[in-house]
There are 2 protein chains.
Amino acid sequence: MRLVVARCQVDYAGRLSAHLPMATRVLMLKSDGSVLVHSDGGSYKPLNWMSPPCTVKEGKNDDGQVEWVVTSKTDDTLRILIEEILQDTSHDLGVDPGLQKDGVEKHLQELLADHPATLAEGLTLVRREFPTAIGPVDLMCRDGEGLSVAVEIKRRGDIDGVEQLTRYLELLNRDPLLTTKGEVRGIFAAQEIKPQARVLAEDRGITCALVDYDALRGLDDPTERLF
Amino acid sequence: MRLVVARCQVDYAGRLSAHLPMATRVLMLKSDGSVLVHSDGGSYKPLNWMSPPCTVKEGKNDDGQVEWVVTSKTDDTLRILIEEILQDTSHDLGVDPGLQKDGVEKHLQELLADHPATLAEGLTLVRREFPTAIGPVDLMCRDGEGLSVAVEIKRRGDIDGVEQLTRYLELLNRDPLLTTKGEVRGIFAAQEIKPQARVLAEDRGITCALVDYDALRGLDDPTERLF
DNA sequence: CAATTAATGTCGCGC
DNA sequence: GCGCGACGTTAATTG
């Protein structure tokens with residue numbers, strides 16, 4: 001890992017063209033050849049970058065100025081013209097042991113699979129990742145009357161999720177094995193449901209269920225935490 | 001902007017929980033309080049981070065080790081336990097003049113608006129950003145027989161774009177002014193069309209059009225480039 | 001490898 | 001400020 005602070009100008013040509021005027025920035029060169037150009041603001045996204053695999057070539061342009069040219073196999077090019085270097089350090093970081101996550105959709109699905117009744121009275125799990133021709137339904141359940149219920153789980157429930165569940169229901173309702181006692185119902189479960197999504201869901205007869213992640217986690221054995 | 005290279009352990013609690021074991025990493029502290037934790041790999045996304053606005057508090061934990069606690073208004077917390085600092089430098093970068101872009105969907109829309117006939121024989125432009133109750137249609141056109149044609153433009157055509165165009169068509173076909181000579185047709189134009197999207201489009205009677213960006217650009221005056 | 005889907009997405013525009 | 005869609009989305013997972 002090499003960290004360079006420099007006054008530089010950056011030009012990118014690839015899927016689009018982009019240009020950064022001369023200014024002081026931080027250049028992060030990772031050991032896989034990738035390059036990040038950061039300013040003192042914005043969020044974690046660099047102003048400009050090159051994704052690995054790529055190679056950096058240090059040289060001089062026609063005017064004798066230092067220029068780095070970063071190229072990838074897909075013909076993307078990042079050209080960094082350097083006017084002045086304020087810092088240039090290198091460190092051996094070694095391989096990172098990596099990130100452990102807890103609380104994403106997969107985990108939410110596990111919790112709801114263990115406690116389907118929190119979604120609707122009398123609901124029991126039939127199968128997780130129930131397969132259909134266009135992809136798996138997050139949870140397939142059965143309610144107290146023996147009716148099939150398809151559950152789509154999102155962390156943030158927006159209109160796309162409702163469309164997705166609608167497509168599943170359309171398919172599932174063509175299956176005579178699932179509809180013996182009546183139409184397959186849909187439940188749209190999310191930690192947060194956007195108003196538009198709620199309206200669309202109700203319009204399609206889909207039930208919305210707000211999920212309380214912390215409460216669900218509380219139902220589980222506390223020793224099961226990752227850390 | 002402060003750059004720190006250190007052996008550290010990181011824990012994040014917020015919308016999810018995440019944990020990074022002790023290892024050597026780069027910590028980037030931006031002047032708005034945001035913090036990025038980078039390893040020597042991955043792509044431009046840090047292993048962990050805090051988005052602005054947030055504040056960093058340097059202190060010591062119960063064992064007397066240096067600990068940074070980054071907090072935001074939304075109760076997100078990033079805890080960085082520092083074992084050893086290998087580098088610690090600060091620089092005044094000033095405000096970045098910012099990025100200029102060229103070549104994204106907007107530009108694609110301009111090009112297709114200038115050359116609608118590349119989408120379908122005899123197509124002429126009626127209006128760009130044709131307004132409907134649920135948002136503007138990218139291009140509203142008319143074909144050789146005087147039929148209305150709605151065009152949705154994407155760089156990458158996936159299923160969402162087809163759903164979007166479907167919703168537009170549903171609305172447009174309720175307008176008697178547009179349907180005097182027959183139903184409004186839909187064209188889904190993109191530089192790349194995913195198989196799923198193509199199937200769904202055909203199922204709904206929507207025509208798919210692959211757009212050749214370079215060829216289109218060739219039809220235009222080359223002096224119009226931004227830089 | 002391609003395709004599909006989630007994301008602490010982020011970013012920018014319009015209302 | 002919220003809602004919505006684009007993004008050089010990126011990144012992970014699965015067939």
Side-chain angles (χ1 to χ4, degrees), chain A residues 12-18 34 37 41-52 54 72 74-78 98-99 101-109 129 131 134-136 138 152-161 164 190-192 194-199 213, chain B residues 10-18 34-37 41-52 54 70 72 74-78 98-99 101-109 129 131 134-136 138 152-161 163-164 167 190-199 213:
Chain A
Y12 166 77
R15 275 171 279 193
L16 55 63
S17 301
S34 60
V37 181
S43 186
Y44 70 64
K45 195 175 176 179
L47 290 167
N48 227 323
W49 71 94
M50 277 290 274
S51 303
C54 60
S72 75
T74 55
D75 268 349
D76 290 32
T77 311
L78 190 71
L99 188 69
K101 282 186 183 182
D102 174 28
V104 282
E105 187 196 300
K106 191 174 142 191
H107 195 216
L108 201 60
Q109 192 191 110
E129 302 285 349
I134 54 168
D138 288 339
E152 176 65 33
I153 302 165
K154 296 281 174 202
R155 223 174 42 73
R156 298 170 82 146
D158 62 9
I159 212 163
D160 290 353
Q164 196 179 339
Q191 284 182 272
E192 178 198 344
K194 297 283 179 71
Q196 259 205 344
R198 189 178 289 277
V199 170
Y213 181 73
Chain B
V10 185
D11 287 277
Y12 167 78
R15 277 170 279 190
L16 56 63
S17 301
S34 60
V35 179
L36 283 60
V37 181
S43 188
Y44 70 65
K45 195 173 177 179
L47 289 167
N48 224 323
W49 72 95
M50 277 290 274
S51 303
C54 60
V70 193
S72 75
T74 54
D75 266 349
D76 289 34
T77 310
L78 189 72
L99 189 67
K101 280 185 186 180
D102 174 30
V104 280
E105 187 196 301
K106 192 175 141 193
H107 195 214
L108 200 61
Q109 191 191 111
E129 302 285 347
I134 54 168
D138 288 338
E152 176 64 33
I153 302 165
K154 297 283 175 201
R155 223 177 44 72
R156 298 169 84 145
D158 61 11
I159 214 160
D160 290 352
E163 298 282 17
Q164 197 179 338
R167 288 195 295 271
Q191 284 181 270
E192 179 197 346
I193 297 178
K194 299 284 179 74
Q196 256 198 350
R198 188 177 288 276
V199 169
Y213 181 73

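Naming convention: chains lettered A, B, ... in sequence-line order (proteins, then strands); numbering from 1 in each chain.
- A/Q196 has a side-chain polar atom (N or O) that falls below the 4.0 Å cut-off from OP1 or OP2 of D/dC4.
- The residue among B/A197 and B/M50 whose nearest nucleotide of DNA chain C is located toward the 5' end is B/A197.
- A/E105 has its CD atom 8 Å from the C1' atom of C/dT5, to the nearest Å.
- A/D158 places its CG atom 9 Å from the P atom of D/dC4, with the value rounded to the nearest Å.
- Among the nucleotides C/dA3, C/dT8, D/dG3, the one closest to any side-chain atom of B/P195 is C/dA3.
- Computed from coordinates, the A/Q191 CD to C/dA7 C1' distance equals 13 Å when rounded to whole Å.
- If you take atom C1' in C/dA7 and the same atom in D/dG5, they sit 16 Å apart, rounded to whole Å.
- Applying the side-chain hydrogen bond (donor to acceptor under 3.5 Å, both in side chains) test to A/T77 and every residue at least two apart in sequence or in another chain returns nothing.
- The C1' atoms of C/dT8 and D/dT14 are separated by 24 Å, rounded to the nearest whole Å.
- Taking the nucleotide of DNA chain D with the nearest heavy atom to each of A/L47 and A/K106, the more 5' of the two is matched to A/L47.
- Checked against side-chain hydrogen bond (donor to acceptor under 3.5 Å, both in side chains), B/D76 has the following partners two or more places apart in sequence or in another chain: B/Y12, B/T74.
- Remark: B/E192 engages no residue in a side-chain hydrogen bond (donor to acceptor under 3.5 Å, both in side chains) (not counting sequence neighbours).
- Rounded to whole Å, the distance from CD1 on B/I159 to C1' on C/dT4 is 10 Å.
- In this structure, A/Q109 atom CD and D/dT14 atom C1' are separated by 14 Å, rounded to whole Å.
- Distance CD (B/Q164) to P (D/dC4): 12 Å, rounded to an integer number of Å.
- Nucleotides D/dA11 and D/dC7, compared at atom C1', are 14 Å apart to the nearest Å.
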B/S/- along nucleotides 10-15 of chain C (protein heavy atoms under 4.0 Å) is SS----
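- With sequence neighbours excluded, the residues satisfying side-chain hydrogen bond (donor to acceptor under 3.5 Å, both in side chains) with B/Q109 are B/R128, B/E129.
- Under the 30°/60° scheme for interplanar angles, the aromatic rings of A/Y213 and A/H107 are found to stand perpendicular.
- Listed by chain and residue number, A/R167, B/R204 satisfy the salt bridge (Lys or Arg N to Asp or Glu O under 4.0 Å) test with B/E163 (two or more places apart in sequence, or in another chain).
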**Asked** Between B/D158 and B/Q196, does a side chain to side chain contact (heavy atoms under 4.5 Å, CB included) hold up when you go through it step by step?
**Response** CA-CA 7 Å; B/D158 61 11; B/Q196 256 198 350; over 6 Å; no
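- Residue A/N48 has its side chain nearest to D/dG8 when only C/dA7, C/dT8, D/dG8 are considered.
- Neither OP1 nor OP2 of D/dC4 sits under 4.0 Å from any side-chain N or O of A/K194.
- Remark: C1' of D/dC4 and CD of A/E192 are 13 Å apart, rounded to the nearest angstrom.
- In this structure, B/D160 atom CG and C/dA6 atom P are separated by 11 Å, rounded to whole Å.
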